[in-house]
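Contents: one structure, followed by commentary.
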Amino acid sequence: MSTFQRARQPAQKEQRRQAILSAAAALFAEGGYDALSLTAIADRVGLAKSNLYRYFESREEILLELLAGDLQRMTQEIEAALAPLAGTGDRAAAARVLARAWAVRPRSCQLVSVLAAVLERNVTEQRVAEFKLCVLALNRRIANALHAALPGLSIEQCGWVVKAWEVLVAGLWPFSNPSPIVERVQQRPELAETQYDFAAELERSLDTLLAGLASDR
């Protein structure tokens with residue numbers, strides 16, 4: 001909790017903003033998306049709920065900010081992991097890097113799975129534009145790193161793979177993390193084929209996409 005009652009200086013405002021994001025991240029880790037509310041965040045930070053609006057316009061904007069930070073860190077890790085593959089054309093290794101980047105970030109996966117239907121609905125046009133521009137810049141960096149690893153693919157093809165990769169995550173995550181009832185049903189022998197292993201399915205899908213594009217070339 002901040003030691004000052006009201007943030008007036010830029011540094012104090014940024015400190016308060018980061019405290020709000022940290023509280024939101026902690027609440028999300030404890031109870032997932034459903035546990036996150038402006039009231040809960042305000043209580044965790046020690047602010048009146050009305051004061052949160054000085055920093056964020058809605059719960060969705062807070063979650064967009066958390067996701068943007070996750071994606072920035074993920075991009076840096078992907079660039080570092082793909083760098084040793086430069087020029088190798090090792091499709092399987094590249095697919096593994098891209099799949100693992102999401103598999104180790106359940107929060108990011110959950111947020112991406114509700115991005116279009118929820119997170120981008122209760123924010124201003126300006127905030128959505130800022131988020132989209134951030135993601136676009138990060139995607140271009142990943143596409144460049146992927147192209148360096150797989151020079152047989154064009155930069156345009158690599159860019160398309162990155163876009164498809166995010167859509168795959170958004171679709172696979174909820175199917176791989178069903179409700180308790182669905183999970184129990186899927187344990188039945190006759191329904192075993194309806195189960196999804198997120199990391200394995202994502203890696204396999206990416207490898208297939210890359211193989212198809214390489215074949216077209």
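Computation of the quantities below employed the complete heavy-atom set of this structure, encompassing side-chain atoms and omitting hydrogens, waters and symmetry-equivalent molecules.
Ring centers of Trp102 and Trp165: under 6.0 Å apart, within the cut-off.
Applying the side-chain hydrogen bond (donor to acceptor under 3.5 Å, both in side chains) test between Arg127 and each of Glu57, Glu65, Glu120, Glu60 identifies Glu65 as the sole match.
Within the 4.5 Å cutoff, the side chain of Lys13 has no heavy atoms near those of the Arg16 side chain.
Using a cut-off of 4.0 Å between Lys/Arg side-chain N and Asp/Glu carboxylate O, Asp207 and Arg91 are scored as salt-bridged. No salt bridge links Arg100 with Glu77; every basic N to acidic carboxylate O contact stays at or beyond 4.0 Å.
Of all heavy-atom pairs between Ala26 and Arg44, the closest is CB-NH1, 3.6 Å. Scanning all heavy atoms of the two residues, the minimum distance from Leu150 to Ala94 falls at CD1-CB, 4.1 Å. A pairwise comparison of heavy atoms in Ala149 and Leu82 identifies CB-O, 4.3 Å as the closest pair. Here the closest non-hydrogen pair linking Pro174 and Ser113 is CD-CB, 3.9 Å. Closest non-hydrogen pair, Pro178 versus Gln186, comes out as CG-OE1, 3.6 Å. Here the closest heavy-atom approach between residue Ala25 and residue Leu66 is recorded as N-CD1, 4.0 Å.
In this structure, CG on Leu115 lies 11.5 Å from OG on Ser108, to the nearest 0.5 angstrom.
Tyr33 and Arg107 share no donor-acceptor pair across their side chains, judged by distance under 3.5 Å alone. Side-chain atoms of Glu166 and Asn139 include a donor-acceptor pair closer than 3.5 Å. Side-chain contact of Gln76 with Gln72: a donor-acceptor pair under 3.5 Å is absent, judged by distance alone. Residues Glu14 and Gln18 have side chains that bring a donor and an acceptor to within less than 3.5 angstrom of each other.
Taking the six-membered ring where the residue is Trp, Tyr196 and Phe175 present tilted rings, their angle falling between 30° and 60°.
Heavy-atom neighbours of Arg141 CZ from other residues, nucleotides or ligands within 6.0 Å: above the threshold of 12. Counting heavy-atom neighbours within 6.0 Å of Gln187 CD, excluding the residue itself, gives a total above 12.
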